[in-house]
Visitor: 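The structure under discussion is supplied below as structure tokens; questions concerning it will follow.
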Protein chains: 2
Amino acid sequence: MSSEFDIIRRYFTRPTHRAILGIGDDAALIPYTATADLAISTDTLVSDQHFFADTDPGKLGHKALAVNLSDMAAMGAIPRWVTLALTLPANLANRNSSWLEVFMDGFFTLASKYEVELIGGDTTCGPLNISVHIIGEVAKGKALKRSGAMPGDDIWLSGYLGNAALALAHLQQRITLKPDELTVCLAALDAPVARIELGQRLINLAHSAIDISDGLLADLGHILECSQVAATIHLGKIACSGVMQRYLPLSVAVDCLLAGGDDYELCFTAPVIKRSEIAQLSQELSIPLTRIGTISQGKGLFLLDVNDNTITHEKKGYDHFLT
Amino acid sequence: MSSEFDIIRRYFTRPTHRAILGIGDDAALIPYTATADLAISTDTLVSDQHFFADTDPGKLGHKALAVNLSDMAAMGAIPRWVTLALTLPANLANRNSSWLEVFMDGFFTLASKYEVELIGGDTTCGPLNISVHIIGEVAKGKALKRSGAMPGDDIWLSGYLGNAALALAHLQQRITLKPDELTVCLAALDAPVARIELGQRLINLAHSAIDISDGLLADLGHILECSQVAATIHLGKIACSGVMQRYLPLSVAVDCLLAGGDDYELCFTAPVIKRSEIAQLSQELSIPLTRIGTISQGKGLFLLDVNDNTITHEKKGYDHFLT
């Protein structure tokens, strides 16, 4: 079986001429005005892959947009317009079903918050499939790419990783959370918060950025590959939620922390000289921003335990075609 | 059961502010440069709804893009960039399967022809679902909308209608075509030609336009609704392919002609004064352009037979949630 990224490289990637940036980042870039580029991205949620078929439609409407907003955040872009390609089983489109109304309420509530306009789409009948396409504006030539990491850069993380994956592990009966822990973790899984404002504020501070949708190791790995650099990260420095702290170092929790998807936090790299500005930004936005490691020359992602011993972690992250 | 258009009106349509044109036309419009707007559209193909699961993947790759190019044609836009949200069953993404390679060959062959760049997408695992998002450029303020039809306008059609629907009727054993007829009709079904150049040349000639994806009556109906006008069309004036002529007036053929989807011809309205320019354009592009009726004040779509008697046609066109 091919991995998702093999597939992208082999079959989809061709040189572009009119676009500033094509396939391979959180969003593509095309020229827009004298002061802005357009960032363009698409993310699909598939029933039984990204969510359970009986997921509350309002939460699904929120999440379908949130995962796309997160791609804008990772580029430092201001989200502006979306289209929605929605394939629905006939029973959900039935007049007697409130599914669509509740789904769109969740979608529009989040869209209104960021003044994002739904300008088009396509509604078709078939197995549930939700594809959102998003267009945002980003300062000309300033978008945060995966390819900008430089040796010496600090590696930063926003918020806490792994709560969404802990909720999924609970639902899949791989771990048993207490009711109050489950509530916290389900909120992370169902209603992720895209780091829109943080992304925009990281322009001129960060050298590179990505959103954590497939897991820290996988997504940081994309930065390393695109930037052709290596990284060392300190497991003990990764900021953990209270719930995560309680379950570490259970291997299922370590998996959730390092390779759990669906967090939608930002991982970014920035020069050492920007540390105090980033710390100030963290305070201003009330978002934990934590330094977890360093970029270096070379190739590879090295993980150190609290005694600075190298450890290996086999599970790299979520892959649609390998998992 | 709600119709697709009820669903769009009820759940998706909200006022837009930053966009020039939101939901309800062949594409949305957003401001771009001093001389151009961007036209944005998305069209999804779902297995067993829009195509048979065993359809040749190369033809599917062509068609997934062609139906989106057709939306650009209907706006008079030059297609520039596309993204591809592709949900694939695991067996089609397998290294031993050539499905994806052949699909992308079909896609890129057509993309190259129009210099359209694939700049992004999302590849996920699940029931086959192909959603293409397209962005094009159109002369500022000049896009061909559904809402521009004026009383007195001629109603024009490009090419021949119904061949794609005849092929489908044959595959569904509702009609039996001869082998040579089937070849002609299958080409229309599998490899539709988007009227890209025609669309662009209709700017400053046509008042309104739409592409025929759901059937003439349904799609012309959208122009009438958006423009708040009525239309009279003459059944005998609709240009028919040789195959169609042989099967008329069988009711299944009349259905294909008036309510068959998948033709991707353009239906447009233009003032009488433009007749000679349009005739000249038809010659220049070697595309039949035929006047089939007239726009008038009021409401309704009136269909006249060769003796100018009003006839009724119950089947209006393809609807994902009613068919």
Side-chain angles (χ1 to χ4, degrees), chain A residues 1-2 4 7-8 10-12 14 16-19 21-23 25 27-30 32-33 38 40-50 80-81 83-88 90 93-95 100-101 103-104 108 115 117-127 129 131 133 135 320-321, chain B residues 1-2 4 7-8 10-12 14 16-19 21-23 25 27-30 32-33 38 40-50 80-81 83-88 90 93-95 100-101 103-104 108 115 117-127 129 131 133 135 320-321:
Chain A
M1 178 65 68
S2 304
E4 184 179 349
I7 288 173
I8 292 170
R10 281 180 66 184
Y11 299 116
F12 299 137
R14 301 274 178 107
T16 56
H17 305 285
R18 283 202 182 84
L21 183 66
I23 285 174
D25 214 303
L29 295 170
I30 64 173
Y32 189 42
T33 64
L38 286 184
I40 294 169
S41 180
T42 186
D43 249 343
T44 303
L45 300 184
V46 181
S47 190
D48 295 325
Q49 291 285 327
H50 301 88
R80 292 289 194 216
W81 300 284
T83 62
L84 171 62
L86 186 59
T87 303
L88 277 180
N94 195 294
R95 272 192 192 278
L100 193 53
E101 187 176 350
F103 175 86
M104 291 310 299
F108 276 124
E115 297 181 9
E117 296 184 346
L118 178 66
I119 57 170
D122 192 15
T123 314
T124 50
C125 191
N129 188 298
S131 192
H133 188 93
I135 302 180
H320 290 103
F321 295 98
Chain B
M1 179 66 68
S2 303
E4 184 179 351
I7 289 173
I8 293 169
R10 281 181 65 184
Y11 299 116
F12 300 138
R14 300 276 177 107
T16 57
H17 304 285
R18 284 204 181 82
L21 183 67
I23 285 174
D25 213 303
L29 295 170
I30 64 172
Y32 190 42
T33 64
L38 286 183
I40 293 169
S41 179
T42 187
D43 250 341
T44 303
L45 300 184
V46 181
S47 189
D48 295 326
Q49 290 286 327
H50 301 89
R80 292 290 193 214
W81 299 286
T83 62
L84 172 61
L86 186 59
T87 304
L88 278 180
N94 196 294
R95 271 192 192 279
L100 193 52
E101 188 176 349
F103 175 86
M104 291 309 299
F108 276 125
E115 297 180 10
E117 297 183 346
L118 179 66
I119 57 170
D122 192 13
T123 314
T124 50
C125 192
N129 188 299
S131 192
H133 189 91
I135 302 179
H320 289 103
F321 294 98

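Within every chain, numbering begins at 1; the chains are lettered A, B, ... in the order of the sequence lines, protein sequences first and strands thereafter.
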Visitor: Supply the atom-to-atom distance B:Ile23 CD1 to A:Glu117 CD, rounded to the nearest 0.5 angstrom.
Guide: 10.5 Å
Visitor: What option among A:Ala19, A:Gly120, A:Pro127 has the most heavy-atom pairs under 4.5 Å with chain B?
Guide: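 Heavy-atom pair counts peak at A:Ala19.
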Visitor: Sort out for me which residue in A:Thr124, A:Thr123, A:Asn129 forms a side chain to side chain donor-acceptor pair (under 3.5 Å) with A:Thr87.
Guide: A:Thr124
Visitor: Between A:Leu29 and chain B, which part of the residue has a heavy atom less than 4.5 Å away: side chain, backbone, both or neither?
Guide: neither
Visitor: Heavy-atom distances under 4.5 Å only: say whether B:Ile40 touches chain A with side chain, backbone, both or neither.
Guide: side chain
Visitor: Are the side chain of A:Glu115 and the backbone of A:Arg80 linked by a donor-acceptor contact shorter than 3.5 Å?
Guide: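 No, the answer is negative, given that no donor and acceptor are paired below the 3.5 Å cut-off.
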Visitor: So which part of A:Leu45 gets closer than 4.5 Å to some heavy atom of chain B, the side chain, the backbone, both or neither?
Guide: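 Neither part, no heavy atoms under 4.5 Å.
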Visitor: Please identify, among B:Ile30, B:Thr33, B:Leu21, B:Asp25, the residue contributing the most non-hydrogen atom pairs under 4.5 Å to chain A.
Guide: B:Ile30
Visitor: Taking B:Leu38, B:Asp48, B:Leu118 one by one, which has the highest count of heavy-atom pairs under 4.5 Å against chain A?
Guide: B:Leu118
Visitor: How are the rings of B:His133 and A:His133 set relative to one another: parallel (under 30°), tilted (30 to 60°) or perpendicular (over 60°)?
Guide: parallel
Visitor: What is the minimum heavy-atom distance between B:Ser131 and B:Thr44, and which atoms define it?
Guide: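 Heavy atoms of B:Ser131 and B:Thr44 come nearest at OG-OG1, 3.0 Å.
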